[in-house]
Amino acid sequence: MVIRIGLTGGIAAGKSTVASRLRELGATIIDYDVLARQIVEPGGEALPRIVEAFGPSAVDAAGRLNRAWLAQRVFSGPDRQALERLDTIEHPLIYAKAQQADAEAASQDDTAVIVHDIPLLADVIDDVPFTFDHVVTVEAPQQVRIERMIRTRGMSGTQAKARIDSQSPQTARLAIADIVVDSDTDRASMLARVDRLYAQWSAQARHDA
């Protein structure tokens with residue numbers, strides 16, 4: 001039986017590290033950030049809708065999404081409805097791609113562990129067209145995450161705090177998760193925990209096949 005995992009975590013909490021490890025172990029990863037990038041590429045379904053909603057400044061001279069401009073508008077601008085408008089455009093298109101990828105993985109292996117890597121799962125848990133066997137959230141203290149964003153993403157402290165504030169709080173992620181992975185620890189310990197989780201899920205998938 002296919003095991004479906006919902007993977008989430010606040011920005012810069014270490015979710016990508018966990019996802020990479022699960023991929024190495026053999027899980028199928030459906031990365032919703034990757035799907036979100038695909039739909040806004042030139043020719044993607046979302047791009048003309050974004051331009052219609054936000055104006056011509058949403059694309060650059062080459063016709064590509066002006067990510068910096070849009071991020072400033074959505075996460076730091078005065079328009080409090082901007083993020084909701086963007087989500088309304090993007091989310092249905094992302095879900096459709098996720099359903100296609102999930103169906104393909106399940107058809108190839110009926111004991112697959114399919115991980116849906118969804119940063120904002122707490123916000124969309126009622127809209128995502130899947131039921132998960134487990135929901136995992138990767139967590140770290142807010143100040144640790146801010147320092148990571150400053151160090152690795154070139155953000156200012158204010159920008160990093162704004163990105164965190166734009167997401168649902170840790171309490172919302174904890175409310176939907178049955179498994180918490182602490183990334184504010186040494187890397188080896190964190191990855192060992194991920195290894196144990198994957199072994200449990202794989203065994204469950206084979207047992208229920």
Side-chain angles (χ1 to χ4, degrees), residues 1-23 27-36 71 74-76 80-99 101-102 113-149 159-185 189-202 204-205 208:
M1 183 184 75
V2 169
I3 299 296
R4 290 182 176 84
I5 307 298
L7 176 64
T8 192
I11 186 172
K15 178 180 60 59
S16 295
T17 300
V18 171
S20 294
R21 183 63 161 201
L22 289 170
R23 181 181 284 109
T28 295
I29 307 296
I30 301 177
D31 186 333
Y32 283 48
D33 277 346
V34 170
L35 301 182
V74 168
F75 295 112
S76 304
R80 298 302 179 186
Q81 305 301 317
L83 181 57
E84 182 178 348
R85 293 203 307 277
L86 183 62
D87 288 347
T88 299
I89 294 168
E90 293 187 339
H91 286 183
L93 299 174
I94 293 170
Y95 298 155
K97 281 186 170 291
Q99 286 179 301
D102 184 284
V113 175
I114 303 177
V115 178
H116 290 254
D117 181 348
I118 311 175
L120 303 180
L121 181 56
D123 296 323
V124 300
I125 188 70
D126 294 329
D127 299 325
V128 175
F130 299 99
T131 299
F132 300 115
D133 296 281
H134 300 283
V135 173
V136 180
T137 185
V138 185
E139 298 295 338
Q142 178 171 295
Q143 190 55 42
V144 171
R145 295 160 59 201
I146 289 174
E147 290 170 359
R148 288 174 179 172
M149 282 186 275
Q159 289 172 325
K161 181 66 163 52
R163 290 300 295 271
I164 288 175
D165 289 345
S166 73
Q167 296 184 343
S168 55
Q170 183 186 63
T171 53
R173 294 190 296 274
L174 294 177
I176 65 168
D178 61 307
I179 299 170
V180 179
V181 173
D182 179 13
S183 74
D184 189 27
T185 183
S189 297
M190 183 183 76
L191 294 181
R193 173 152 166 72
V194 174
D195 292 354
R196 291 192 298 271
L197 289 169
Y198 181 76
Q200 293 169 10
W201 300 334
S202 294
Q204 181 182 348
D208 295 338

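Because the structure is predicted, anything quoted here is derived from the model rather than measured. Quick note: residue numbers are just sequence positions, from 1.
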Trainee: Enter the distance from Asp123:CG to Ile118:CD1 here, rounded to the nearest 0.5 Å.
Mentor: 11.0 Å

Trainee: Give, for atom OH of Tyr32 and atom CG of Leu7, the distance between the pair rounded to the nearest 0.5 Å.
Mentor: 11.5 Å

Trainee: Would you say Arg148's side chain and Ala12's backbone share a donor-acceptor pair under 3.5 angstrom?
Mentor: yes

Trainee: Between Arg193 and Val180 (side chain of the first, backbone of the second, donor and acceptor by atom type, cut-off under 3.5 Å), is there such a pair?
Mentor: yes

Trainee: In Å and rounded to the nearest 0.5 Å, what is the OG1 to CG distance from Thr137 to Leu174?
Mentor: 6.0 Å

Trainee: About how many Å separate CZ of Arg145 and CD1 of Ile164, when rounded to the nearest 0.5 Å?
Mentor: 4.5 Å

Trainee: Quick one: pull up CZ in Arg23 and CD1 in Ile29 and give me the separation to the nearest 0.5 Å.
Mentor: 5.0 Å

Trainee: Tabulate below the donor-acceptor pairs under 3.5 Å that side-chain atoms of residues 126-135 make, not counting sequence neighbours, or state none.
Mentor:
| unit_1 | atom_1 | unit_2 | atom_2 | d |
| --- | --- | --- | --- | --- |
| Asp133 | OD2 | Arg4 | N | 2.8 |
| His134 | ND1 | Asp178 | OD2 | 2.8 |

Trainee: Using 0.5 Å steps for rounding, measure from the CG atom of Leu120 to the CG atom of Asp33.
Mentor: 8.0 Å

Trainee: Please list every donor-acceptor pair under 3.5 Å in which a side-chain atom of residues 86-99 meets a protein atom from a residue at least two apart or in another chain.
Mentor:
| unit_1 | atom_1 | unit_2 | atom_2 | d |
| --- | --- | --- | --- | --- |
| Asp87 | OD1 | His91 | NE2 | 3.4 |
| Thr88 | OG1 | Glu84 | O | 2.9 |

Trainee: Between Asp195 and Arg21, is there a side-chain heavy-atom distance shorter than 4.5 Å?
Mentor: yes

Trainee: Can you see which heavy atom on Asp117 is nearest to which on Ala19, and at what distance?
Mentor: OD2-CB, 3.6 Å

Trainee: I'd like to know if the side chain of His116 pairs up with that of Asp31 as donor and acceptor (distance under 3.5 Å, no hydrogens or angles considered).
Mentor: no

Trainee: Who pairs with Arg85 by salt bridge (Lys or Arg N to Asp or Glu O under 4.0 Å), at least two apart in sequence or on another chain?
Mentor: Asp79

